[in-house]
Amino acid sequence: LQFISRVQPDGDYLRSIEQRLIESTRNELNDPKSVMFWETNKLTTQDHPFLRPIKEARIRTLDYEKACEIYNDRLSNIDCWTFVLCGNLPADDVLEELLTKYI
């Protein structure tokens, strides 16, 4: 499970992502379809804060150290996770082998 390895903020990489998010936000403001979508969304959701578009100022205030800390805290210990498998699963002996190998 590679995603449970600890992550550390990488300044150059995060600045690159931040710039892309800011550009995307600016582009949305210049796109009539996006503006119409957000205005309609505002009406249909009663302007719920959770569903508002992300503003450039908010992107600039992101705390990458804190984000990595939360990620590492939530994903570092899989002992407390609950896995739910559903669908057309293989026979128990095959399933047990797969679970042992991948989890």
Side-chain angles (χ1 to χ4, degrees):
L1 297 173
Q2 185 178 8
F3 61 89
I4 64 170
S5 55
R6 298 189 61 77
V7 296
Q8 297 297 324
D10 175 353
D12 292 337
Y13 177 70
L14 293 171
R15 277 188 290 281
S16 169
I17 291 175
E18 184 177 278
Q19 276 308 115
R20 282 185 278 172
L21 285 170
I22 289 170
E23 285 301 315
S24 175
T25 301
R26 287 177 182 168
N27 289 338
E28 270 194 349
L29 293 174
N30 295 323
D31 177 30
K33 287 182 182 178
S34 292
V35 173
M36 180 66 172
F37 169 79
W38 288 115
E39 288 300 316
T40 304
N41 197 45
K42 188 189 301 186
L43 291 171
T44 58
T45 64
Q46 299 177 352
D47 198 22
H48 194 284
F50 187 74
L51 301 171
R52 291 179 187 156
I54 298 173
K55 300 203 182 306
E56 182 177 334
R58 177 74 174 122
I59 294 169
R60 292 190 185 282
T61 62
L62 294 175
D63 183 348
Y64 302 111
E65 295 278 341
K66 183 68 174 173
C68 288
E69 180 184 317
I70 292 169
Y71 179 90
N72 290 329
D73 180 57
R74 301 301 188 274
L75 296 177
S76 62
N77 182 8
I78 66 170
D79 290 341
C80 59
W81 292 10
T82 301
F83 291 90
V84 178
L85 306 173
C86 60
N88 188 13
L89 300 172
D92 287 350
D93 55 332
V94 175
L95 182 60
E96 185 176 343
E97 184 181 323
L98 291 170
L99 291 173
T100 303
K101 181 176 181 180
Y102 293 107
I103 297 180

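These values consider heavy atoms only, across backbone and side chains, with no hydrogens, waters or symmetry-generated copies. These numbers were taken from a predicted model, which means no experiment stands behind them.
Side-chain atoms of Phe37 and Thr40, non-hydrogen and from C-beta on, never get closer than 4.5 Å to each other. Put simply, the side chain of Val7 does not reach to within 4.5 Å of the side chain of Leu75, judged on heavy atoms. You'll find the side chain of Leu62 stays beyond 4.5 Å of the side chain of Leu14, heavy atoms only.
Among residues at least two apart or in separate chains, there is no side-chain hydrogen bond (donor to acceptor under 3.5 Å, both in side chains) pair with a member in residues 83-98. Applying the salt bridge (Lys or Arg N to Asp or Glu O under 4.0 Å) test to every pair with at least one member in residues 17-29, sequence neighbours left out, gives these pairs: Glu23-Arg26, Arg26-Glu56. Residue pairs satisfying the salt bridge (Lys or Arg N to Asp or Glu O under 4.0 Å) criterion with at least one member in residues 35-50, sequence neighbours excluded, are listed as follows: Glu39-Lys42, Asp47-Arg52.
Nearest approach of Leu99 to Leu85, heavy atoms of both residues: CD2-CD1, 3.7 Å. Contact between Val94 and Pro90 at its shortest, heavy atoms only, is CG1-CB, 3.8 Å.
Residues passing the salt bridge (charged side-chain N to carboxylate O under 4.0 Å, His left out) test with Arg15, sequence neighbours excluded: Asp12. Shown here are the side chain to side chain donor-acceptor pair (under 3.5 Å) partners of Asp31, two or more places apart in sequence or in another chain: Ser34. Remark: Lys66 engages Glu69 in a salt bridge (charged side-chain N to carboxylate O under 4.0 Å, His left out) (not counting sequence neighbours).
To the nearest 0.5 angstrom, Asn41 atom CG is 12.0 Å from Met36 atom CE. Here Arg58 contributes atom CZ and Leu21 contributes atom CG; the two are 12.0 Å apart, rounded to the nearest 0.5 Å.
Taking hydrophobic clusters as Ile, Leu, Val, Met, Phe, Trp and Tyr residues chained together by side-chain heavy-atom distances below 4.5 Å, Ile54 shares a cluster with Ile22. Placement of Ile59 and Ile17 within a single hydrophobic cluster is found when ILVMFWY residues are connected by side-chain heavy-atom separations under 4.5 Å, directly or transitively.
Within 6.0 Å of CD1 on Ile70 lie more than 12 heavy atoms contributed by other residues, nucleotides or ligands.
Ring geometry for Phe83 against Trp81 counts as tilted: the plane angle lies between 30° and 60°, on a 0 to 90° scale.
Of the possible donor and acceptor atoms, one in the side chain of Asn72 sits under 3.5 Å from a partner among the backbone N and O of Cys68.
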